[in-house]
Amino acid sequence: MLSRSAFRQATRQSWLQQRRGMAAPASGSFQYQVGEAAGIKIASRDTSGPIGTIALVAQAGTRYETMPGLAEGLNKYAFKNTDRRTSLRIQRESELLGGSLISTHTRENLVIGAKFFRDDLPYFVELLAEVASQTSYRSHVMQEEVIPLVMMDHKKFLANTLDMALSSVHSLAFHRGLGNTIKPASSTPYTKYLTAESLEEYAQSAYAKSSIAIVGNGVDHAELSKWTNEFFGDARKSPLQQLTSPQSKYYGGEERISHGSGNSMVIAFSGSSSPTGASYKPEAAVLAALLGGQSAIKWSPGFSLLSKATQEAPNMHVATKSNIYTDAGLVTIAMDGSATDIRSTAGKVVEALKSVAQNISKEDFQKAKALAKFKELEYGQEPRAALELTGAGLVRDNKPYQIDEVAKSIDGVTEDMVKKLVKEALENKASVSAVGDLYLLPFAEEIGLKV
Amino acid sequence: MSYPTLAPFIQQRPWLMRWMRPLARWYFDNSGYRKLGLRADDLIPEESESVQLALKRLPPKEAYDRVFRMRRAFQCSLAHQLLPQTEWTKADEDISYLEPIIKEIEAERTEREDLESMIIKKRTSASTKGGH
């Protein structure tokens with residue numbers, strides 16, 4: 001019977017495809033394969049499983065935007081009306097295929113992508129090509145859909161003291177470029193700068209072939225090349241306006257912002273760049289794990305240096321993070337809680353930092369190295385892992401972010417490297433930002449930092 | 001705004017257009033709205049959702065000009081006067097600025113209804129579903 005043989009054929013085909021999907025290296029290597037198709041750099045790694053993810057990473061984050069608010073606007077305008085189909089059609093078709101669409105922006109990059117079943121790769125590559133080159137920027141869509149969302153982002157940002165403090169610390173450290181705020185801090189971006197015409201011009205610079213890279217997780221490299229060649233063939237070759245940003249320089253300073261609800265204080269100093277960049281220091285990741293603050297074990301404050309230092313303020317959130325960008329980085333120690341807690345523990349946090357420059361116990365160092373390596377490899381297992389970092393690395397330095405190599409370089413970190421990093425940080429100006437009840441929150445000099 | 005009309009039938013036949021064009025020109029000139037300085041699209045009844053949304057989507061200059069034309073025409077109507085001949089709307093000025101927006105909105109609405117009344121069939125084989 002025709003239907004029965006067709007059914008058998010279908011099951012055999014799907015079984016074969018599943019077999020192929022499971023044929024990943026048993027050691028679990030996370031290496032990216034790099035290539036080029038239609039003048040665009042692509043990278044992919046074929047992980048096992050039925051789900052694939054692709055992303056178009058454009059070097060057009062807030063660092064490169066020509067006017068404030070454009071990166072955010074472009075992020076929110078992704079997957080809206082194109083010349084060929086409406087945004088409703090795009091949403092419904094993606095839903096029917098079982099895929100979900102991703103659109104985010106960070107300080108350096110704009111990431112637009114999708115998660116889908118592996119079979120649907122051609123559909124989503126075509127969709128990304130349409131979004132990049134054929135979106136139609138209309139002012140009524142801006143007024144009805146985009147600007148209300150930007151306004152909501154603005155309000156959310158103003159209500160969150162931790163975000164405000166982190167953003168302020170970045171602008172103290174880097175001034176322009178990396179220091180541009182990632183969410184609008186006032187209404188001028190959307191009242192003065194964000195219009196359909198300015199967004200169209202920015203899109204023509206952002207989505208040019210020389211400033212994008214296509215990265216895939218869980219897709220076949222040959223397939224990705226083939227479909228990129230077919231659909232991205234007539235994308236714009238060179239940008240309307242070359243989006244550049246000068247080399248980041250670390251400045252430092254102090255900023256205090258008065259706020260009625262919530263209290264946060266962030267201390268930051270110069271860290272490491274991305275592994276694909278020039279000034280990569282794996283000791284920054286180890287330092288972040290050493291200082292710590294947050295524990296992976298529930299109901300326990302943990303035994304990192306900062307958790308021990310802030311033991312008497314258990315309700316305060318303290319976390320250390322090593323933020324990496326292409327040519328610079330920032331290690332941030334964020335404290336968020338009540339003003340009296342921050343006042344009493346900020347001094348202890350700085351003392352803990354100074355003690356790292358003097359002496360690190362062997363046991364703490366081993367724990368920190370293990371934790372840094374674990375976090376790196378755990379991050380590598382996520383389907384979205386390193387999409388953004390690989391894309392950015394490809395566009396700027398022509399090197400993908402290889403997680404195996406990064407984990408290996410953490411093995412080579414010694415205690416002297418970490419001590420040196422902290423000593424340099426304490427000698428130069430720190431970036432300190434306090435948001436909240438300024439009567440209680442201490443100045444940087446009061447807690448022993450140089451600004 | 002879907003009413004039975006012979007317009008598409010005539011527009012597809014150039015010989016009919018040649019016959020109808022002088023008749024249409026005479027009809028428009030004599031309907032009188034041009035003598036009050038109005039355009040054809042100013043006369044579209046506003047009491048419908050599509051037209052309200054279309055008016056919101058008008059570019060600011062068009063919206064301002066529309067209000068000005070309506071005020072001028074209303075004043076003429078109060079005074080029971082027509083405008084002087086130099087200020088009548090000319091045929092090449094009588095462009096349709098609102099109709100395309102209304103058609104766009106209607107198309108969006110029908111597309112939404114079509115997508116909602118769609119029947120979905122389960123995929124039978126593991127073939128790649130290409131772009132539409």
Task: Neighbour count above 12 (heavy atom, 6.0 Å) for B/R112 CZ - done: no
Open item on the list: Quick check on the interface: out of B/E111, B/E108, B/M118, who has the most heavy-atom pairs with chain A under 4.5 Å?
Closed with: B/E111
Could you tell me which portion of [X] (side chain, backbone, both or neither) has an atom closer than 4.5 angstrom to a non-hydrogen atom of chain A?
X: B/E104; value: side chain
X: B/L115; value: both
X: B/L53; value: side chain

Task: Heavy-atom donor-acceptor pair, A/S198 side chain to A/Y193 backbone, under 3.5 Å - done: yes
Open item on the list: Please classify the contact of A/Q143 with chain B as side chain, backbone, both or neither, using a heavy-atom distance under 4.5 Å.
Closed with: neither
TODO: For A/S133 and A/R236, test the side chains for any donor-to-acceptor distance below 3.5 angstrom and give the result as yes or no.
DONE: no
Open item on the list: Less than 4.0 angstrom from a charged side-chain N to a carboxylate O is my criterion; do A/E93 and A/R89 meet it?
Closed with: yes
Task: Within 45° cone and under 6.0 Å: A/R118 NZ/CZ vs A/F116 ring - done: no
